[in-house]
Undergrad: 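The structure follows.
In this chain, numbering begins with 1 at the start of the sequence shown.
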Amino acid sequence: MTENLIDPIRLAIPSKGHLYEGIIDILKTAGYKVRRASDRQYEATISGQPRFHVVFMRPTDIVLQVQEGRCHLGVTGMDVYAEQAFEAQEAAVVVPDLGYGGCRLVVAVPESWVDVGHVMDLVDLTAEFKASGRTFRVSTKYPALVRQYFRKWGVYYYQLIDSDGALELHPSLGIADVIVDLTSSGVTLKDNRLRELAGGIVLDSASCLIGHAPSLAALVAEGKTGPLALLLDAMDGVRRSEGLLHLEVVGSPAAPGPETASAVAEYLRGQGAQHIARGEVWDDRGLPGWRVTALVAAKKLTACQRALFELGASRIVGLPAQFVFDRDAPSTFDDLRERLAVPAGGAAGA
């Protein structure tokens with residue numbers, strides 16, 4: 001019934017930074033081009049998608065606005081969502097990893113602490129601090145996650161130092177003894193004479209798509225041709241195509257057909273190619289040849305081309321794959337419908 005439709009569907013996106021750039025690229029590739037006049041504009045539309053209304057805000061605010069239902073969908077970091085998830089029961093994860101922004105939340109100690117190699121060492125160390133009348137201080141931007149993580153390891157004697165600044169300087173300045181912060185390569189930690197503890201990964205994080213659970217149920221109930229289903233299907237196809245080329249290898253009539261095509265297919269399979277198919281082709285003179293198509297990692301094509309020519313290929317074409325849909329691949333929309341207990345073509349269950 002049209003009166004029950006959510007219109008507009010508000011999608012919250014980070015206003016700047018790598019979280020912004022990554023989702024804008026995904027949406028554009030998926031056919032959902034965000035029209036934003038300038039980086040000072042905090043509202044935008046999506047070309048050809050009148051029901052979607054985009055708003056820009058800080059990643060930390062996105063979780064709150066989705067939780068309260070003011071925004072129906074939002075893109076943020078899994079670290080940001082997880083930190084607020086204890087108080088955001090109505091905010092559900094739709095896609096836990098959008099394929100960019102990967103990092104990890106880790107416990108890091110000064111390199112000079114040679115006797116502290118594993119997070120379990122903090123149990124005795126914090127007890128020693130307490131026995132000597134000192135306070136073991138931990139700087140972090142993620143107090144809820146740190147408390148939960150330390151509780152799991154039996155670390156209880158510490159004080160959290162909440163800070164929004166650069167935490168890497170805190171141990172050397174005497175602000176804190178250790179830090180719990182995000183890192184991707186670990187270079188910044190090393191440059192500041194810090195190192196990760198073994199077993200010290202609090203959370204693996206990446207960009208994620210979240211949604212307001214009641215709103216998601218209403219949108220899922222619109223079915224497989226509804227705007228949410230079409231958006232999630234398009235994003236699935238884009239994410240599965242990342243880094244892949246649609247490869248076409250064609251052989252001339254001079255090369256033996258079935259035998260050569262089989263050898264080419266076997267070689268590509270050994271290179272990790274997917275969805276390999278063989279067939280017959282005819283040139284402009286009507287002479288028969290063969291063709292092998294496959295999906296292959298773009299970074300491998302250059303290294304493969306000489307071997308393919310030696311096997312009998314006469315032409316190799318690799319085109320970027322924009323969408324990859326696979327009947328047997330998981331569907332984000334179908335998974336969401338199952339989690340929300342929304343029957344196909346119906347309303348959410350009780």
Side-chain angles (χ1 to χ4, degrees), residues 1-15 19-20 22-28 30-36 41-78 80-85 87-98 101 206-236 238-239 331-349:
M1 298 174 62
T2 56
E3 60 266 26
N4 294 328
L5 294 179
I6 294 174
D7 192 4
I9 302 169
R10 296 189 189 90
L11 169 61
I13 290 177
S15 55
L19 288 177
Y20 163 81
I23 189 59
I24 291 297
D25 286 344
I26 290 175
L27 290 173
K28 181 179 179 181
Y32 291 74
K33 184 177 180 180
V34 176
R35 299 177 61 184
R36 187 185 190 188
Q41 184 179 18
Y42 291 96
E43 294 183 90
T45 59
I46 295 179
S47 298
Q49 302 290 337
R51 283 185 63 186
F52 283 98
H53 181 78
V54 179
V55 293
F56 302 95
M57 58 185 69
R58 297 185 306 172
T60 51
D61 294 335
I62 288 174
V63 180
L64 175 62
Q65 297 307 318
V66 170
Q67 154 69 13
E68 296 187 352
R70 295 188 183 93
C71 294
H72 309 105
L73 297 165
V75 174
T76 187
M78 179 58 74
V80 177
Y81 168 80
E83 175 65 19
Q84 301 184 50
E87 300 176 354
Q89 301 299 317
E90 295 292 331
V93 176
V94 180
V95 181
D97 185 350
L98 289 170
S207 56
C208 65
L209 178 67
I210 63 174
H212 178 243
S215 300
L216 290 174
L219 291 168
V220 167
E222 293 189 42
K224 62 185 179 181
T225 60
L228 180 62
L230 296 179
L231 173 66
L232 296 181
D233 285 349
M235 292 176 69
D236 281 348
V238 169
R239 289 186 296 120
S331 161
T332 298
F333 177 76
D334 291 341
D335 175 67
L336 182 64
R337 180 170 57 190
E338 183 176 342
R339 284 192 284 134
L340 295 176
V342 180

Undergrad: Look only at the side chain of Q67 and the backbone of E90, and say whether a donor-acceptor pair between them is shorter than 3.5 Å.
TA: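 Indeed, once roles are kept as given, a pair shorter than 3.5 Å links the two residues.
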Undergrad: Would you say that more than 12 heavy atoms from the other residues, nucleotides or ligands in this model lie under 6.0 Å from the CD of E338, or not?
TA: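 Not more than 12 within 6.0 Å, no.
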Undergrad: For the residue pair F333 and V220, establish whether any side-chain heavy-atom pair is separated by less than 4.5 Å.
TA: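 Heavy-atom side-chain distance check passes, below 4.5 Å.
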Undergrad: Working note: I23 + S207, criterion side-chain contact (heavy atoms from CB on, under 4.5 Å); need CA distance, chi angles, decisive distance, verdict.
TA: CA-CA 9 Å; I23 189 59; S207 56; over 6 Å; no
Undergrad: When you compare the side chain of C208 with that of T76, does any pair of heavy atoms fall below 4.5 Å?
TA: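 In contact.
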Undergrad: Taking all non-hydrogen atoms of both residues into account, name the closest pair between I62 and G74 and its distance.
TA: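 Looking at all heavy atoms of both residues, the shortest contact is CG2-CA, 3.8 Å.
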Undergrad: One pair to check against side-chain contact (heavy atoms from CB on, under 4.5 Å): I9 and L231. What are the steps and the verdict?
TA: CA-CA 12 Å; I9 302 169; L231 173 66; over 6 Å; no
Undergrad: Keeping the roles fixed (side chain from S15, backbone from F56), state whether a donor-acceptor pair exists under 3.5 Å.
TA: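 No, because the side chain of S15 does not come within donor-acceptor range (under 3.5 Å) of the backbone of F56.
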Undergrad: Please test L11 against V34 for side-chain contact (heavy atoms from CB on, under 4.5 Å), starting from the C-alpha separation and ending with a verdict.
TA: CA-CA 11 Å; L11 169 61; V34 176; over 6 Å; no
Undergrad: Ignoring hydrogens, what is the shortest heavy-atom contact between S331 and D233? Give both atom names and the distance.
TA: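 Reported closest heavy-atom pair: OG-OD1, 4.1 Å.
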Undergrad: In terms of side-chain geometry, is the basic nitrogen of D25 or K28 positioned less than 4.0 Å from the acidic oxygen of its partner?
TA: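 So D25 does not pair with K28 through a salt bridge.
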Undergrad: Can you tell me how far the CD atom of E43 sits from the CE atom of M57, to the nearest 0.5 Å?
TA: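 Here the interatomic distance stands at 9.0 Å.
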Undergrad: Is the CZ atom of R58 crowded by more than 12 outside heavy atoms at less than 6.0 Å?
TA: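 Count not over threshold, so no.
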Undergrad: Minimum heavy-atom separation for L216 and A92, please, with both atom names.
TA: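 Shortest heavy-atom contact: CD1-CB, 4.3 Å.
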Undergrad: What's the shortest heavy-atom distance between I6 and L219, and which atoms?
TA: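 I6 and L219 have their closest heavy atoms at CD1-CG, 4.0 Å.
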Undergrad: For the OG1 atom of T332 and the CZ atom of R339, what is their distance to the nearest 0.5 Å?
TA: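 Separation between the atoms: 8.5 Å.
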Undergrad: If you apply the rule side-chain contact (heavy atoms from CB on, under 4.5 Å), what do you find for I13 with L19, and how did you get there?
TA: CA-CA 8 Å; I13 290 177; L19 288 177; over 6 Å; no
Undergrad: With a 3.5 Å distance limit and no angle check, can you tell me whether Y32 reaches the backbone of M235 through a side-chain donor-acceptor pair?
TA: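 Not confirmed, Y32 side chain does not pair with M235 backbone.
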Undergrad: At what distance, to the nearest 0.5 angstrom, does CE of M78 lie from CG of L209?
TA: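 Those atoms lie 10.0 Å apart.
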Undergrad: On a heavy-atom basis, which atom in A217 and which in L340 lie closest, and how many Å separate them?
TA: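 So the minimum-distance heavy-atom pair works out to N-CD1, 3.7 Å.
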Undergrad: Quick one: does any side-chain atom of H53 pair with a main-chain N or O of R10 as donor and acceptor, under 3.5 Å?
TA: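 No, H53 side chain to R10 backbone: no donor-acceptor pair under 3.5 Å.
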Undergrad: Do R239 side-chain atoms and L98 backbone N/O form a donor-acceptor pair below 3.5 Å?
TA: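 No.
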Undergrad: Rounded at 0.5 Å granularity, tell me how far CD in E222 sits from CG in L5.
TA: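 Between E222 CD and L5 CG, I get 4.5 Å after rounding to 0.5 Å.
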Undergrad: Could you tell me the separation between the CZ atom of R337 and the CG atom of L228, rounded to the nearest 0.5 Å?
TA: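 The CZ atom of R337 sits 11.0 Å away from the CG atom of L228.
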Undergrad: Could you state the interatomic distance from OG1 (T45) to CZ (R51), rounded to the nearest 0.5 Å?
TA: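 Answer for the OG1-CZ pair, T45 versus R51, is 15.5 Å.
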